[in-house]
Amino acid sequence: RGGRTLIADVDLRFEPGRVTVLLGPNGAGKSTVLKVASGVWPATKGVATLDGDNIRTMAPRALASRRSLVAQGASLNFPFTVAEVVMLGATVPGFGLESNPAIAVGALAAVGLTGFEARSYLELSGGERQRVHIARALCQLRAAHRDDGATQVLLLDEPTASLDPAHQTHVMALCRSLADSGLTVVLVLHDLNLAAAWA
């Protein structure tokens, strides 16, 4: 990008049922790997595939039902309620996902934010906002209702960076539980202890 090679000679396979953590120093290319793996950025050479399909040529609806990404420092500057932010995962036009509020409520419960539905997103702490975005990603995947055995992938870039230790453990336990249910979970972390304990 911009004439610079950000990553090269990368050959990775992310497996369902596993929590995979990408570790490395700042600028090593961890976030770039997630962006290429999610289809946000195209690879100059090579290809990212999901169950053998090129992720860059998948229809938006098909891709939205199978992979969700929470980018590093995800943020919004609009006075949405927490429920509205979480429902963004399922209400994007063209995705064709089920916009069932119960899915959003369940996703918020999964990240420990039960009762936050009517609160303003702009009034939340940084850690609470981070968990709202994880709930949004969960809402997106759960709204797809996939029962055809197709792989679903959750990609999280530094999901614990702004969380206190208790909430870090909660998010990592959630990731482990999601992987145990069959999801492919990929995280970028800097915390070696979290990686060693959960990945």
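Fair warning: this is a prediction, and the values are worked out from it, not measured in the lab. Only this structure's heavy atoms are used, side chains among them; waters, hydrogens and symmetry mates stay out.
At a threshold of 4.5 Å between non-hydrogen side-chain atoms, the residues Thr184 and Val186 count as touching. Taking the side chain as every heavy atom from C-beta outward, Arg66 and Thr151 approach each other to under 4.5 Å. Side chains of Leu187 and Pro159 form a contact here, defined as non-hydrogen atoms less than 4.5 Å apart. Side-chain contact between Thr169 and Trp198 is present, with heavy atoms from C-beta onward closer than 4.5 Å. Looking at heavy atoms from C-beta onward, His190 lies in side-chain contact with Asn26 at the 4.5 angstrom threshold. Taking the side chain as every heavy atom from C-beta outward, Val188 and Gln72 never approach each other to under 4.5 Å. The shortest side-chain heavy-atom distance between Val33 and Leu22 falls under the 4.5 Å cut-off. Met172 is listed as a side-chain neighbour of Leu189, based on a closest heavy-atom distance under 4.5 Å.
Nearest heavy atoms, Pro16 versus Gly182: CB-O, 3.5 Å. For Leu63 against Ser38, the heavy-atom pair with the smallest separation is CD2-O, 4.0 Å. Taking each heavy atom of Glu128 and Arg119 in turn, the nearest pair found is OE1-NH2, 4.3 Å. Closest approach of Leu141 to Ala64, counting heavy atoms only: CD2-O, 4.4 Å. For the residue pair Ala195 and Val21, the shortest heavy atom distance occurs at CB-CG1, 4.0 Å. Shortest non-hydrogen contact noted between Val40 and Arg56 is O-NH1, 3.7 Å.
Atom CG of Leu178 sits about 10.0 Å away from atom CD of Gln152, to the nearest 0.5 Å. For the atom pair CD of Gln130 and CG of Leu124, the computed distance is 12.0 Å after rounding to the nearest 0.5 Å. Note that the CG atom of Leu6 and the CH2 atom of Trp41 stand 6.0 Å from one another [nearest 0.5 Å]. For the atom pair His133 NE2 and Leu76 CG, the distance stands at 5.0 Å (nearest 0.5 Å). Distance check, rounded to the nearest 0.5 Å: CZ of Phe14 to OG1 of Thr20 gives 6.5 Å. Once rounded to the nearest 0.5 Å, the distance linking CG of Leu194 with SG of Cys175 reads 10.5 Å.
Side-chain atoms of Ser120 come within 3.5 Å of backbone atoms of Leu122 as a donor-acceptor pair (strictly under, hydrogens ignored). In this structure, the side chain of His167 does not engage the main chain of Gly112 through any donor-acceptor pair within 3.5 Å. Of the possible polar contacts, none joining the Arg136 side chain to the Gly89 backbone as a donor-acceptor pair under 3.5 Å is found.
By the criterion of side-chain heavy atoms lying less than 4.5 angstrom apart, applied directly or through intervening Ile, Leu, Val, Met, Phe, Trp or Tyr residues, Tyr121 is not grouped with Val105; the two fall into different hydrophobic clusters. By the rule that hydrophobic residues join a cluster once side-chain heavy atoms approach within less than 4.5 Å of another member, Leu174 and Leu183 end up as members of one cluster. By the criterion of side-chain heavy atoms lying less than 4.5 angstrom apart, applied directly or through intervening Ile, Leu, Val, Met, Phe, Trp or Tyr residues, Val36 is not grouped with Val185; the two fall into different hydrophobic clusters. Criterion: ILVMFWY side-chain heavy atoms under 4.5 Å apart, direct or through other members. Under it, Leu23 and Leu155 are not part of a common hydrophobic cluster. Connection of Leu138 to Leu163 is established within a shared hydrophobic cluster, with ILVMFWY side chains joined at heavy-atom distances below 4.5 Å, either directly or through further cluster members.
The pair Lys30-Asp157 does not meet the salt-bridge criterion, since no charged nitrogen lies less than 4.0 angstrom from a carboxylate oxygen. Salt-bridge check for Glu15 with Arg13: passed, with a basic side-chain N closer than 4.0 Å to an acidic carboxylate O.
Paired with Cys139 under the rule side chain to side chain contact (heavy atoms under 4.5 Å, CB included), one option of Val86, Thr91, Ile134 passes, and it is Val86.
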Exercise for the section: Start with the C-alpha distance between Glu117 and Val82, add both sets of side-chain angles, then the distance that settles side-chain contact (heavy atoms from CB on, under 4.5 Å), and finish with yes or no. Expected result: CA-CA 5 Å; Glu117 293 82 0; Val82 167; 5.7 Å; no

Practice task
Would you check, one step at a time, whether the test side-chain contact (heavy atoms from CB on, under 4.5 Å) holds for Phe78 with Val85?
Solution key: CA-CA 10 Å; Phe78 299 99; Val85 174; over 6 Å; no

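Using modelled atom types and a 3.5 Å distance limit, the side chains of Gln168 and Thr160 yield no donor-acceptor pair.
Counting heavy-atom neighbours within 6.0 Å of Arg176 CZ, excluding the residue itself, gives a total above 12.
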